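Below is the structure I would like to discuss, written out as structure tokens.
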Protein chains: 2
Amino acid sequence: MALSAALLAVAGELTQRIHDGVVARGFEGLRPAHGFAFARLAPDGATVTDLAGHLGVTKQAASQLVDEIVRKGYAERRPHPEDARARLVVLTERGWACTRAAEEAAADAVRAWGDALGEGEMRTLLEQLARIAPNGPIRPAW
Amino acid sequence: MALSAALLAVAGELTQRIHDGVVARGFEGLRPAHGFAFARLAPDGATVTDLAGHLGVTKQAASQLVDEIVRKGYAERRPHPEDARARLVVLTERGWACTRAAEEAAADAVRAWGDALGEGEMRTLLEQLARIAPNGPIRPAW
DNA sequence: ACGAATTGGTCAAGCGGCTTGACCATAACT
DNA sequence: AGTTATGGTCAAGCCGCTTGACCAATTCGT
């Protein structure tokens, strides 16, 4: 199996497992793409335009996505402290809980790999991936 | 950076680079999802239902996707040699050329990683990924 | 300081990929 | 042979995303 195919297969399965894990922990009505939005919102919140840039979609699409997660109680829009035009989208407590659930699910998947690789190889795998990973935003590509 | 994040970042960039490379080689009007279909059709062709199973979509969606790549000259429908109900979808010469272009683009991306990792680490990376890769079909998940 | 250009955001309409539901033709089971 | 299962298409509708237009607040240029 080619390196690129193996990588895509592993990534696809990881995405699926994270999604399943999030659902299993009681957070429904979310699609994998939302996870990338949560990851951007998690630290300190973000504006719609910023989110759009990171997701690689138009700001209208990002705004629509924000509507959805706001309606479902995962985030809320606040006035931006420094720019009256902008609105700062921040996670609610439920949004944080969902983010933690995703991290747990990801950790579970990684742990399963650890069983096949062992601790030392896991470290080298992380180290190698980190060295070839791009700096930019993580987009739900393909 | 977490292992899962690094993996998704690398996979996302790889997908993007393959797509860009395919476009740069003159094959337009295709989306990354088509690549997964091509990969399934490449060896000996496949039926619409089989394709649907591998892509994780309904057979109607798969049939529609086949319509599209047939219309664009990448594949054609033939009567199935063993089942009069079924139709065997096979790549045209242009479809094969596109598949080769995707493989070249993937090889280019992998080569770029080689510059950062060195040959030995590349081998261990491949070997480790292969050990944790799922056996099933490679789906365009997320 | 003032008007022009830029930027953040939303509203509206439309496209395209995918889904569910119904249906036909062939194959497989009993 | 008759029933059930399978491969495929047609039709309608949903939903995420795009383009286009527009408003409000900020920043730039002179």
Side-chain angles (χ1 to χ4, degrees), chain A residues 12 15-16 19 23 28-38 40-41 44-72 74-90 137-142, chain B residues 12 15-16 19 23 28-38 40-41 44-72 74-90 137-142:
Chain A
T15 302
Q16 189 62 47
H19 182 251
V23 171
E28 302 197 15
L30 293 175
R31 283 163 293 114
H34 291 125
F36 295 89
F38 279 44
R40 182 69 191 85
L41 297 178
D44 302 299
T47 65
V48 164
T49 298
D50 186 26
L51 198 53
H54 272 73
L55 295 178
V57 298
T58 61
K59 53 185 183 176
Q60 291 92 325
S63 179
Q64 210 167 297
L65 188 148
V66 169
D67 284 343
E68 194 180 349
I69 61 178
V70 165
R71 179 163 34 85
K72 291 177 177 169
Y74 294 104
E76 59 186 16
R77 292 183 215 252
R78 297 187 173 185
H80 194 288
E82 298 171 355
D83 190 334
R85 295 171 301 180
R87 312 240 229 138
L88 197 58
V89 181
V90 297
I138 306 179
R139 293 181 184 172
W142 91 58
Chain B
T15 303
Q16 189 61 48
H19 183 250
V23 170
E28 303 197 15
L30 293 175
R31 283 162 294 113
H34 291 124
F36 295 90
F38 278 45
R40 182 69 191 86
L41 297 177
D44 302 300
T47 65
V48 164
T49 298
D50 185 26
L51 198 53
H54 272 73
L55 295 179
V57 298
T58 61
K59 53 185 182 176
Q60 291 92 324
S63 180
Q64 207 167 299
L65 188 148
V66 169
D67 284 342
E68 193 181 350
I69 63 178
V70 165
R71 179 164 33 85
K72 291 178 177 167
Y74 295 105
E76 59 185 17
R77 292 183 214 252
R78 297 188 173 184
H80 194 288
E82 298 171 358
D83 190 334
R85 296 170 300 179
R87 311 239 229 138
L88 196 58
V89 181
V90 296
I138 307 180
R139 291 181 184 173
W142 92 55

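Proteins come first, then strands; the chains are lettered A, B, ... in the order of their sequence lines, and each starts at number 1. What you see is a predicted model, and the numbers here were worked out from it, not measured in a lab.
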Checklist line | Distance, rounded to the nearest Å, where A:L30 contributes CG and D:dC15 contributes P | finding: 16 Å
Checklist line | Under 3.5 Å donor-acceptor pair, A:R85 side-chain atoms to C:dT7 base atoms | finding: yes
Item checked: From CG (A:L88) to CG (A:D83), nearest 0.5 Å -> 11.0 Å
Check: Given the rule in the side-chain contact (heavy atoms from CB on, under 4.5 Å) test, do A:V89 and A:V48 qualify, once you have shown the distances and angles that lead to the verdict?
Finding: CA-CA 7 Å; A:V89 181; A:V48 164; 4.3 Å; yes
Next item on the list: Among C:dT26, D:dG7, D:dA11, find the nucleotide with the atom closest to the side chain of B:K59.
Entry: D:dG7
Item checked: Under-4.0 Å side-chain N/O to phosphate OP1/OP2 contact, B:T58 with C:dT19 -> yes
Item checked: Nucleotide C:dG9, atom P - distance to CG of A:D67 in whole Å -> 12 Å
Next item on the list: Would you kindly compare B:Q60 and A:D83 by the position of their nearest DNA chain D nucleotide and give the one closer to the 5′ end?
Entry: B:Q60
Note to self: By nearest atom, which of the nucleotides C:dT26, D:dA25, C:dG9 is closest to the A:T47 side chain?
What the structure shows: C:dG9
Note to self: Heavy atoms from C-beta onward define the side chain here; which of C:dT19, D:dT18, D:dT26 lies closest to that of A:A84?
What the structure shows: D:dT26
Notebook entry, point to check: B:V48 side chain: which of C:dC18, D:dG8, C:dG21 is closest?
Noted result: D:dG8
Next item on the list: Tell whether B:E68 reaches the base of C:dG16 with its side chain through a donor-acceptor pair below 3.5 angstrom.
Entry: no
Next item on the list: Say whether, by atom type as modelled, one donor and one acceptor occur between the side chain of A:H19 and the main chain of A:Q16 under 3.5 angstrom.
Entry: no
Notebook entry, point to check: Ion pair present between B:R71 and B:E76, side-chain N to carboxylate O less than 4.0 angstrom?
Noted result: no
Note to self: Using a 4.0 Å heavy-atom cut-off, does B:A61 contact any base of the nucleic acid, only the sugar-phosphate backbone, or nothing at all?
What the structure shows: base
Notebook entry, point to check: Roughly how many Å is it from CZ in B:F36 to P in C:dC18, rounded to a whole number?
Noted result: 13 Å
Note to self: If the cut-off is 4.0 Å, is B:T49 near the phosphate of D:dG8, judged by side-chain N/O to OP1 or OP2?
What the structure shows: yes
Check: Quick one: is B:R77 getting a side-chain N or O under 4.0 Å of the D:dT9 phosphate, OP1 or OP2?
Finding: yes
Next item on the list: Could you check how far CG of A:L65 sits from C1' of C:dG9, rounded to whole Å?
Entry: 15 Å
Notebook entry, point to check: Is a side-chain N or O of A:H54 found less than 3.5 angstrom from the main chain of A:F36, in a donor-acceptor match?
Noted result: no
Notebook entry, point to check: Rounded to whole angstroms, how far apart are CD on A:Q64 and P on C:dT10?
Noted result: 11 Å
Notebook entry, point to check: To the nearest angstrom, how far is A:E82 atom CD from D:dT26 atom P?
Noted result: 11 Å
Check: Rounded to the Å, how far apart are B:R87 CZ and C:dA25 C1'?
Finding: 12 Å
Check: Whole-Å distance between D:dG16 C1' and A:K72 NZ?
Finding: 12 Å
